[in-house]
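Below is one structure, written out as structure tokens; comments come after it.
Start at 1 with the first residue, then count along the sequence. For ligands, and for the atoms within them, numbers begin at 1 and follow the listed sequence.
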Amino acid sequence: MDKLSTLRAEWPQIGLKILGLGHALPAAGPVPNSYMETLVDTSDEWICSRTGIRERYFCGRQTNIELAEQAAAEALARSGVKAEQIGVCLVATFTPDRMSPSMACMLQQRLGLPEDSLMFDFNAACAGFLYGLQTARQCLLAAEPGRSYALVLGSETPSRVLDFTDRNTCVLFGDAAAAAVVELSVDNPYWAVCGSKTDNENMLYCSGLADQQQGKPGGVVHMQGQDVFRFAVDIIPHSIEQVLAKAGLELADIDHVVCHQANNRIISHVVKKMHAAPEQFFINLQHYGNTSSASIPLALNDMWEQGLLLPGQRVICVGFGAGFTWAACLLTW
Ligand code: UT7
């Protein structure tokens with residue numbers, strides 16, 4: 001084996017540990033389904049029975065960077081890691097306040113992160129946080145001494161890009177930010193798969209500058225819900241199986257599964273398809289709706305706050321979103 005292959009062979013043995021989680025929700029408080037009934041022709045009964053969502057948060061005048069800062073500060077405080085020890089800051093978002101500068105750069109200034117560290121935003125839609133963990137792990141290998149921690153966020157304000165006259169989309173999403181401080185670890189095995197494919201980019205998209213140039217509204221979410229549903233119930237079991245195969249484990253060896261929180265009917269389909277125990281699958285979408293890239297870290301944060309995450313437990317996280325993108329990882333707590 002040449003030197004590079006030898007080094008690469010060691011790579012899977014380097015795991016990833018989450019040291020602290022944090023979150024932020026808009027201060028205006030939860031918006032119940034009854035409020036959505038005043039905007040569009042919908043009902044609490046329809047939203048609950050078709051999705052499981054009961055309430056969500058909208059940021060109003062609050063900005064995405066304010067949510068991100070609050071979530072990141074909480075994750076840093078809980079991890080015991082100081083801002084100056086951060087070597088990488090990655091923000092998954094499809095709803096940055098501005099197209100430039102990046103939210104990660106704004107966090108550098110707000111949190112006092114080192115100026116000579118790697119900071120950037122990226123868009124992998126609802127799979128973003130898991131893409132972020134994977135990227136952070138790779139970046140940390142090359143981090144400067146003393147900068148061995150990464151800050152990874154999913155931070156979203158979908159309410160800025162929802163059409164509040166479209167009942168197919170506006171009842172589904174909510175705003176939130178969640179963050180994790182991570183480090184490389186040989187005691188915390190980590191396995192991951194990420195992917196993307198675009199058969200039809202119009203199934204789920206948020207319009208932008210090119211749409212505006214063509215006279216269409218920019219910054220509006222469009223979704224063909226049933227197509228996305230079908231994609232989700234295929235890709236979630238597939239990526240869970242892929243990550244289990246990499247780890248040499250069975251689903252029964254896993255303590256918790258955290259799916260992207262879009263619709264509890266998607267999660268029920270997955271449970272049935274995989275002959276899994278429903279209690280293995282954590283669900284909190286009833287409180288927040290679909291918060292895109294924030295949904296998985298927000299679920300992990302809730303689980304941690306509820307005392308559900310215990311040392312040594314194995315947790316599979318799995319996300320999917322516009323692109324389509326998908327990602328799954330197995331974390332050891
Ligand atoms: O992170 C992004 C990933 N996105 C997702 O994971 C979304 C995946 N898709 C879904 O979760 C579901 O497809 C939806 C929740 C979006 C829709 O549920 P569905 O059971 O697939 O409903 P549908 O689209 O087949 O619509 C059924 C009916 C339609 O009326 P007609 O044509 O049967 O008269 C819709 O117009 O429900 C109607 N409808 C609504 N009715 C009341 C659609 N939205 C609403 C609404 N309130 N908010």
Side-chain angles (χ1 to χ4, degrees), residues 31-56 92-95 123-131 154-176 178 195-207 220-239 258-271 273 281 283-286 288-299 317-328:
V31 176
N33 288 343
S34 55
Y35 177 76
M36 304 312 292
E37 290 173 355
T38 68
L39 302 180
V40 286
D41 180 15
T42 190
S43 65
D44 177 49
E45 196 282 326
W46 191 96
I47 303 171
C48 284
S49 62
R50 299 287 182 123
T51 71
I53 299 165
R54 294 186 176 277
E55 55 192 10
R56 76 288 290 142
T93 187
F94 83 103
T95 50
N123 177 354
C126 308
F129 179 74
L130 301 185
Y131 267 62
S155 194
E156 302 283 12
T157 49
S159 66
R160 299 249 189 271
V161 291
L162 289 174
D163 172 355
F164 282 97
T165 65
D166 177 11
R167 68 178 183 174
N168 292 297
T169 50
C170 75
V171 303
L172 303 175
F173 294 90
D175 302 338
S196 75
K197 67 167 186 173
T198 302
D199 291 344
N200 178 355
E201 71 205 50
N202 293 323
M203 273 187 205
L204 176 55
Y205 71 99
C206 181
S207 56
V220 179
V221 168
H222 300 264
M223 183 170 71
Q224 295 166 20
Q226 287 193 2
D227 294 322
V228 181
F229 195 105
R230 274 192 286 275
F231 171 74
V233 296
D234 278 344
I235 200 67
I236 295 174
H238 179 67
S239 36
V258 182
C259 293
H260 168 48
Q261 304 286 307
N263 185 329
N264 65 8
R265 286 193 299 126
I266 293 177
I267 299 174
S268 301
H269 264 67
V270 171
V271 167
K273 212 167 176 176
F281 286 66
I283 297 182
N284 67 354
L285 61 89
Q286 64 275 23
Y288 311 118
N290 178 347
T291 59
S292 190
S293 69
S295 96
I296 289 174
L298 189 58
C317 300
V318 52
F320 63 93
F324 289 120
T325 57
W326 66 87

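- Comparing Leu172, Thr291, Val233 against atom 16 (C) of ligand 1, the shortest heavy-atom distance belongs to Leu172.
- Of all the heavy atoms of Trp46, the ones lying under 4.0 Å from any atom of ligand 1 belong exclusively to the side chain.
- Between the side chains of Asp163 and His222, no donor-acceptor pair is found at a separation under 3.5 Å.
- Between Tyr35 atom OH and Asp44 atom CG the span is 16.0 Å, to the nearest 0.5 Å.
- Comparing heavy-atom distances from atom 10 (C) of ligand 1 across Asn263, Asp166, Leu204 singles out Asn263 as nearest.
- Residue contact annotation: His260 has a non-hydrogen atom under 4.0 Å from ligand 1.
- Residue nearest to atom 47 (N) of ligand 1, selected from Asp227, Thr42, Val40: Thr42 (by heavy-atom distance).
- Each of the atoms 19 (P), 20 (O), 22 (O), 27 (C) of ligand 1 lies under 4.0 Å from some heavy atom of Arg50.
- If you number the atoms of ligand 1 from 1 as listed, the ones under 4.0 Å from a heavy atom of Cys126 come out as 1 (O), 2 (C).
- In terms of protein heavy-atom proximity, atom 2 (C) of ligand 1 is closest to Asn290 ND2, 3.3 Å.
- No hydrogens or angles considered: a donor-acceptor pair under 3.5 Å links the side chains of Glu156 and Ser293.
- Within the listing of ligand 1, atoms 48 (N) sit less than 4.0 angstrom from a heavy atom of Val171.
- Within 4.0 Å of atom 32 (O) of ligand 1, not a single protein heavy atom is present.
- The aromatic rings of Phe231 and Phe324 lie parallel to each other, their planes meeting at an angle below 30°, with 60° marking the opposite boundary.
- At least one side-chain heavy atom of Val31 sits under 4.5 Å from a side-chain heavy atom of Met36.
- With a 4.0 Å cut-off on non-hydrogen atoms, Ile266 touches ligand 1 through its side chain and not its backbone.
- Remark: minimum distance from atom 5 (C) of ligand 1 to any protein heavy atom is reached at Val228 CG1, 3.6 Å.
- By the 4.5 Å heavy-atom criterion applied to side chains, Cys48 and Asn33 are counted as neighbours.
- Among all non-hydrogen protein atoms, the one lying nearest atom 8 (C) of ligand 1 is Gly225 O, 3.5 Å.
- Summarising the contacts of atom 24 (O) of ligand 1 with Gln224, Gln226, Arg167, the nearest heavy atom is found in Gln226.
- Proximity to Thr51 (heavy-atom distance under 4.0 Å) selects the following atoms of ligand 1: 15 (C).
- By the criterion of a heavy-atom distance under 4.0 Å, the side chain of Arg265, and not its backbone, is placed next to ligand 1.
- How far CG of Asn290 is from CD1 of Ile53: 7.0 Å, rounded to the nearest 0.5 Å.
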